[in-house]
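Below is one structure; the comments refer to it alone.
Computed from a prediction, not measured in an experiment: that's the story for all the values here.
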Amino acid sequence: MFEFIKIEGHKGIIEEGFKKVAESIISTVNRKPPEIKVIKETPKTTIVDFTISNLPIIVKVHKYPFLSGMRRISKSKKAFQAFQHLKVLGANSPRPLAILDKRRYGLLRESWYVTEKVSDTEKLDWYFTKWFLGRIDTPHGKWKRRLIQDLAQLIALLHTKGIYHNDLKASNILVQGKESDCELFLIDLEGVKFNTCVSKRRRLKNLAQIILSMDNLFTKLDIYRFLITYCNECKERDVHAYIKRVEGLVQKKKERKKRIMYRKITTTAIGKFGDLLFKSSLIFFVISLPLSIAVNEGAFWLALIGYTINRLSNKKPLFCITGIERPMGIFMLALVLTSLFSINPLHSLSSIGTLRYFLLYLMLASYRLERDFTERLVGLIILMATAWSVYEIFKYFQTQSSRLDIYTAHINTLIIPLIIGILIMDQVGKRKQAFLLFSLCVLLIASFLSFSRIAWLGTFSSVILVLFYRNWKLSSWFVSMIILAAFVTILYHPDSTTGKLISSIINPFEQGGIRLGSNLERLQMIKDTVSILKKDLLTGIGPDAYKFVSTDKHMRISMDYVQILATSGLVGFSAYVWLIFAFIQRCFLIEKENRKREAFSFYHILSICFFAALLGFLICGSFEPMFFSSKRLRFIMLLLGMNECLFKFYKHESNREINRQFTIVSHG
């Protein structure tokens, strides 16, 4: 039985026989003498554990700022109401001894919730760590299975009776007893809500909270046993679909938790300024990528200044190990060396613009960007490409051009895999899906209107790779549909632009073909390259080769990958092949580190997409590292650097997790 009490401005109810010690509880908690144990102390909440009159108690004090004090019912009263409901259901919770509120001018200032401390109890996560972590013997296995079933039955009982615990996690569940005598107690009841029916979204949230709070303590089998027991108690029909949805939600919460945990620490105001300058310049760099070379170059140098300021102020090395410094450095030296033996050495040296782009890669690869910033940057890249493609399509129909800008098609070849990858993630909101689908349609239309075979092939191959990692059956179906569509186009519409373009891929030297002239010119450029190599096999004619006119109309001495052979000879070409191989190998290893066949994480999707984009970029034949104004080279360095940055983030979180597991095992 409870009776009304008023002590030192506090009003509420208190259990009979406990009234005498109420005043001493308030004074003890306010003084905080050494003999009491402070479990938690924040500006809004204080939890203490002590013994008074041979009675162990837990006191939880909620403090309310001015505006939050306007509420009618305090958190302590909500917890008491929840206890009453749980008592009727037969669920356990510590017995309340006093519920006190302190108001001033009608506004809540404090609320006290005093409960009896349940003896010999431990929080669920510590209980598992103590008794089950690393133990595989049969008695402990049966004990563990029974406890998991009891936990699932308790949560199912709450949900079926319309009770929802907003903060249901392992630290808010106490376990008392051992083996078959275990009992579960719910605490922190102020977040409990009562409804006639708990929605499916809230049920999934509770289950995900439990699994996430028991991370590394629940095995995969434990999770399945827990969810299957819950579904059986709640009479869910499609257990497999339910489990899949819970796993997807758990993965999403893990990603959000990583974003909160991982924050770049800057020690000085100068370092913070450098960090801000670097990030803002990086955003400006992305926005201005297809618009203006001059603006883009200015953004790059500002980013370099911000990066240098931040690194120097924090006393960290400017460039960390990224995995491909050696082949990158050798390639740069090869370009410089072969330039000295060119026709015009000074002009050749000045025309090497590769250094800036590789510096961009090194900056991003060694800079620890936050995960949420990387996500925003990816969204900005997609938005930028979509806006640019819309502008190009509008200009195409307005001016009745023959084709779109080839740069648009090549950049879209890199971005389309990113959109496909994010779309096939398990957790993507409806608004984001709509935006991504719209962007995908625009980018595909722009790539199609460019009438570039290499852009089509690059897009096709990169999308296939992304789909293959997600579902090889879906990838096979997609390949079959594309081949069928190409066959139907050639068979029934051979005179259409698309039909002629597909025919030129199958038979590039067909007489009267739409691309015969271009293919013959490329063949002539290869012959010119061979004639150049006969004169200077080792060093070529230097990066100023584009100034020399070939025997046909093209201003370039050769095309794509063959150009590096003409401009830098076998020395530069060997270093170039090594660099490309190192890029592909590094991307593959990054993806392999975190390969999963279940719910994909944001990192995993992007690592696959960047790998696919690089392969598509190489298939397009557009990796021209000596051109000063190559938008494509700048963009591929941006993507590769972000991939390396995400890999460092993943390794950082993996090391944190390993240290955490080691601490838990040591404690156990």
| Given side chains that start at C-beta, do those of Ile415 and Thr386 come closer than 4.5 Å, heavy atoms only? | no

| task | Would you indicate whether the side-chain heavy atoms of Leu418 and Leu639 approach each other to under 4.5 Å? | result | yes

| request: Return the minimal non-hydrogen interatomic distance between Ala582 and Pro327, and the atom names on each side. | output: CB-CG, 3.6 Å

| said: Go through it in stages, so that I can follow the logic: the residues are Asn643 and Leu614, the test is side chain to side chain contact (heavy atoms under 4.5 Å, CB included), and I'd like the CA-CA distance, side-chain angles, deciding distance and then a yes or no. | reply: CA-CA 11 Å; Asn643 193 23; Leu614 175 62; over 6 Å; no

| said: I need the minimum non-hydrogen distance between Arg586 and Ile324, along with the two atoms involved. | reply: CB-CG2, 4.2 Å

| field | Trp388/Tyr391 aromatic ring centres below 6.0 Å | value | yes

| Any side-chain heavy-atom pair from Leu369 and Lys279 closer than 4.5 angstrom? | yes

| message | Measuring from atom CG of Asn310 to atom CD1 of Ile305, what distance do you get when rounded to the nearest 0.5 angstrom? | response | 13.5 Å

| Hey, is the main chain of Thr459 close enough, under 3.5 Å, to the side chain of Ser462 for a donor-acceptor pair? | yes

| query | Do Tyr396 and Glu392 come close enough that some side-chain heavy atom pair is under 4.5 Å? | reply | no

| query | Is the Phe373 to Tyr367 ring centre distance short of 6.0 Å? | reply | no

| request: If the plane angle is over 60° it's perpendicular, under 30° parallel, otherwise tilted; pick one for Tyr361 and Phe583. | output: perpendicular

| note | In this structure, CE of Met328 is separated from CG of Leu359 (nearest 0.5 Å) by 9.0 Å

| field | Straight-line distance of Phe435 CZ to Leu423 CG, nearest 0.5 Å | value | 10.5 Å

| query | Between Leu282 and Met363, is a side chain to side chain contact (heavy atoms under 4.5 Å, CB included) present by the stated rule, with each step listed? | reply | CA-CA 11 Å; Leu282 201 59; Met363 284 191 293; over 6 Å; no

| Atom CG of Leu537 with >12 non-hydrogen neighbours under 6.0 angstrom | yes

| How long is the gap from OG on Ser439 to CG on Leu444, to the nearest 0.5 Å? | 10.5 Å

| query | If we ignore angles and hydrogens, is there a donor and acceptor under 3.5 Å between the side chains of Ser568 and Thr338? | reply | no

| said: How close do Ala613 and Leu414 get, counting heavy atoms only, and between which atoms? | reply: O-CD2, 3.4 Å

| Is Phe284 close to Asn296 at the side-chain level, that is, under 4.5 Å between some pair of heavy atoms? | no

| task | Can you see which heavy atom on Ile419 is nearest to which on Leu436, and at what distance? | result | CG2-O, 3.4 Å

| field | Side-chain heavy-atom pair Glu644, Phe610 within 4.5 angstrom cut-off | value | no

| task | Write down the atom of Ile416, the atom of Ser447, and the distance for their closest heavy-atom approach. | result | CD1-OG, 4.1 Å

| request: Taking all heavy atoms of Ile393 and all of Ala446, pick out the closest pair and write down the distance. | output: CD1-N, 4.0 Å

| message | Can you tell me how far apart CD1 (Ile464) and OG (Ser461) are? Round to the nearest 0.5 Å. | response | 8.5 Å

| message | With rounding to the nearest 0.5 angstrom, report the CE to CD1 distance, Met642 to Ile381. | response | 4.5 Å

| request: List the steps, then state whether side chain to side chain contact (heavy atoms under 4.5 Å, CB included) holds for Phe278 with Ile309. | output: CA-CA 9 Å; Phe278 176 74; Ile309 289 174; over 6 Å; no

| query | So, do Arg356 and Glu297 sit near enough that their side-chain heavy atoms are less than 4.5 Å apart? | reply | yes

| Under 4.5 Å between any side-chain heavy atoms of Leu638 and Tyr357, yes or no? | no

| request: Walk me through it: do Ser496 and Thr489 pass the test side chain to side chain contact (heavy atoms under 4.5 Å, CB included)? | output: CA-CA 8 Å; Ser496 64; Thr489 303; 4.2 Å; yes

